[in-house]
Amino acid sequence: MAYDTPEHIETILKNLPLKPGCYLMKDNQGQIIYIGKAKRLRQRVRSYFTESGPQDNKTRRMRSLVDDIEFIVTENEVKALILEENLIKSHKPRFNILLKDDKRYPYIRVTWADDFPKVETTRRVKKDGSRYFGPYAAMWAVQNTLRVLRKAFPYLTCDRAIDGKDDRACLFYDIGLCNAPCIGKVNKTEYRAMISELMDVLSGKSE
């Protein structure tokens, strides 16, 4: 360790699993001061206590107050993201980035009324036939969630009129981030079934 880490914290760090999940950092009063998620818990949490890890003032202050670290293992990174968001909303840890002004909280909107629904971020909930998921504590949480979900559910992000007859797909199809209904790789029924599964994940049904 690059810092004068207490022995009991070093023991916790050495025994963290190399699995996805959430970690909860607590102060000496047992108060949760920070909640995060990780693809590999041991690597992520240990990084806070090394010279190569985050060095901003907030992290330095938080690190000095950590007296205990708890963790929750999840089946995959998507479940860790959803759990992280729920824990942050429930506990409101002081070192998590929260919206503290009068801005509207961000949501994920699925434009389900469209033949080929898109997945977007928004701060306004409207009665427009779309499905809304949230609110999230901060936009970074929404962006993290969508970045992971898109790898499993390669949804549309372009503004093309989809008829399946385009000559070629965009770059996102080439890198596996769109399943190209524009060129007929999937039809309307198949595409909507995929989006339905994505909404199940956002609802917590991620089996």
(request) Please confirm whether the backbone N or O of Leu24 pairs with a side-chain atom of His91, one donor and one acceptor, at under 3.5 Å? (result) no
(message) Less than 4.5 Å apart, side chain to side chain, heavy atoms only: is that true for Thr121 and Pro106?
(response) no
(request) Please round to the nearest 0.5 Å and tell me the distance separating atom CD1 of Ile9 and atom CE of Met25. (result) 8.5 Å
(message) Do Lys26 and Tyr34 make a side-chain contact, defined as non-hydrogen atoms from C-beta onward lying under 4.5 Å apart?
(response) no
(message) Test of understanding: clusters of I, L, V, M, F, W, Y form through side-chain heavy atoms closer than 4.5 Å, transitively. Do Val78 and Met194 belong to the same one?
(response) yes
(request) Tell me who clusters with Leu171, hydrophobic residues only, linked when side chains sit under 4.5 Å apart either directly or through other members. (result) Phe172, Ile175, Leu177
(message) Using modelled atom types and a 3.5 Å cut-off, is there a donor and acceptor pairing between side-chain atoms of Asp27 and backbone atoms of Gly30?
(response) yes
(message) Nearest 0.5 angstrom please: Leu202 CG to Glu197 CD, how far?
(response) 12.5 Å
(message) Checking Tyr155 against Cys178 for the side chain to side chain contact (heavy atoms under 4.5 Å, CB included) test, could you report, in this order, the C-alpha distance in whole Å, the side-chain angles of both residues, the deciding distance, and whether it holds?
(response) CA-CA 5 Å; Tyr155 54 81; Cys178 181; over 6 Å; no
(message) Can a donor-acceptor pair be found, under 3.5 Å and without considering hydrogens, that links the side chain of Lys92 to the backbone of Lys89?
(response) yes
(message) Any side-chain to backbone donor/acceptor pair from Arg63 onto Tyr48? Under 3.5 Å, distance only.
(response) yes
(request) Find out if a path of hydrophobic residues (ILVMFWY) with successive side-chain heavy-atom gaps under 4.5 Å connects Leu156 to Ile183. (result) no
(message) Tell me if a side-chain donor or acceptor on Asp114 pairs with a main-chain N or O of Phe116 at a distance below 3.5 Å.
(response) no
(request) Report the distance from atom CG of Leu13 to atom NE2 of His8, rounding to the nearest 0.5 Å. (result) 9.5 Å
(request) State, to 0.1 Å, how close Ala169 and Ala180 come at their nearest heavy-atom pair, and which atoms those are. (result) CB-CB, 4.0 Å
(message) Let's go through Asp166 and Arg160 carefully: what are the C-alpha distance in whole Å and the side-chain angles of both, what is the deciding distance for salt bridge (Lys or Arg N to Asp or Glu O under 4.0 Å) to 0.1 Å, and is it a yes or a no?
(response) CA-CA 9 Å; Asp166 285 10; Arg160 296 188 187 192; 2.9 Å; yes
(message) A side-chain contact here means heavy atoms from C-beta on lying under 4.5 Å apart; do Phe153 and Ile195 qualify?
(response) no
(request) Look at the side chain of Asn96 and the backbone N and O of Ile35, then say whether any donor-acceptor pair between them is shorter than 3.5 Å. (result) yes
(request) Identify, with sequence neighbours excluded, every residue that meets side chain to side chain contact (heavy atoms under 4.5 Å, CB included) alongside Arg109. (result) Thr111, Glu120, Thr122, Asp128, Ser130, Tyr132
(message) Do Val142 and Leu146 make a side-chain contact, defined as non-hydrogen atoms from C-beta onward lying under 4.5 Å apart?
(response) yes
(message) I'd like to know if the side chain of Ser90 and the backbone of Asn86 have a donor-acceptor N/O pair within less than 3.5 Å.
(response) no
(message) Quick check against the 3.5 Å criterion: does Lys58 have a side-chain atom that pairs as donor or acceptor with the backbone of Phe95?
(response) yes
(request) Taking Arg42 for its side chain and Pro17 for its backbone only, find out whether a donor-acceptor pair lies under 3.5 Å. (result) no
(request) Taking the six-membered ring for Trp and the full ring for Phe, Tyr or His, determine whether the centres of Phe71 and Tyr23 are under 6.0 Å apart. (result) no
(message) Under the side-chain contact (heavy atoms from CB on, under 4.5 Å) test against Leu149, which residue among Val201, Leu81, Val119 passes?
(response) Val201
(message) If the threshold is 4.0 Å, N to carboxylate O, is there a salt bridge linking Asp115 and Arg192?
(response) no
(request) Measure the spacing between CZ of Arg61 and OG1 of Thr59 and express it to the nearest 0.5 Å. (result) 13.0 Å
(message) Under a 3.5 Å distance rule, please check whether Lys37 uses its side chain to pair with a backbone N or O of Glu85 as donor and acceptor.
(response) no
(request) Would you give the length of the straight line joining atom OG1 of Thr74 to atom NZ of Lys19, rounded to the nearest 0.5 angstrom? (result) 10.5 Å
(message) On a heavy-atom basis, which atom in Val73 and which in Leu41 lie closest, and how many Å separate them?
(response) CG2-CD1, 4.2 Å
(message) By the side-chain hydrogen bond (donor to acceptor under 3.5 Å, both in side chains) test, which pairs, at least two apart or in different chains, include something from residues 167-187?
(response) none
(request) For Pro117 and Tyr191, work out which heavy atoms get closest and say how close. (result) O-OH, 2.7 Å
(message) With heavy-atom distances below 4.5 Å as the criterion, would you say the side chains of Leu65 and Arg94 are in contact?
(response) yes
(request) Provide the closest heavy-atom pair for Thr5 versus Glu10 in the form atom of the first, atom of the second, distance. (result) O-OE2, 3.3 Å
(message) Testing the 3.5 Å rule here: is there a donor-acceptor pair between the side chains of Thr157 and Arg150?
(response) yes
(request) Search all heavy atoms of Ala80 against all heavy atoms of Gly21 and return the closest pair with its distance. (result) CB-O, 3.8 Å
(request) List the steps and the verdict of side chain to side chain contact (heavy atoms under 4.5 Å, CB included) for Lys118 and Asp159. (result) CA-CA 9 Å; Lys118 295 185 177 124; Asp159 293 324; 3.7 Å; yes
(request) To the nearest 0.5 Å, tell me how far Ile72 CD1 sits from Cys22 SG. (result) 6.0 Å
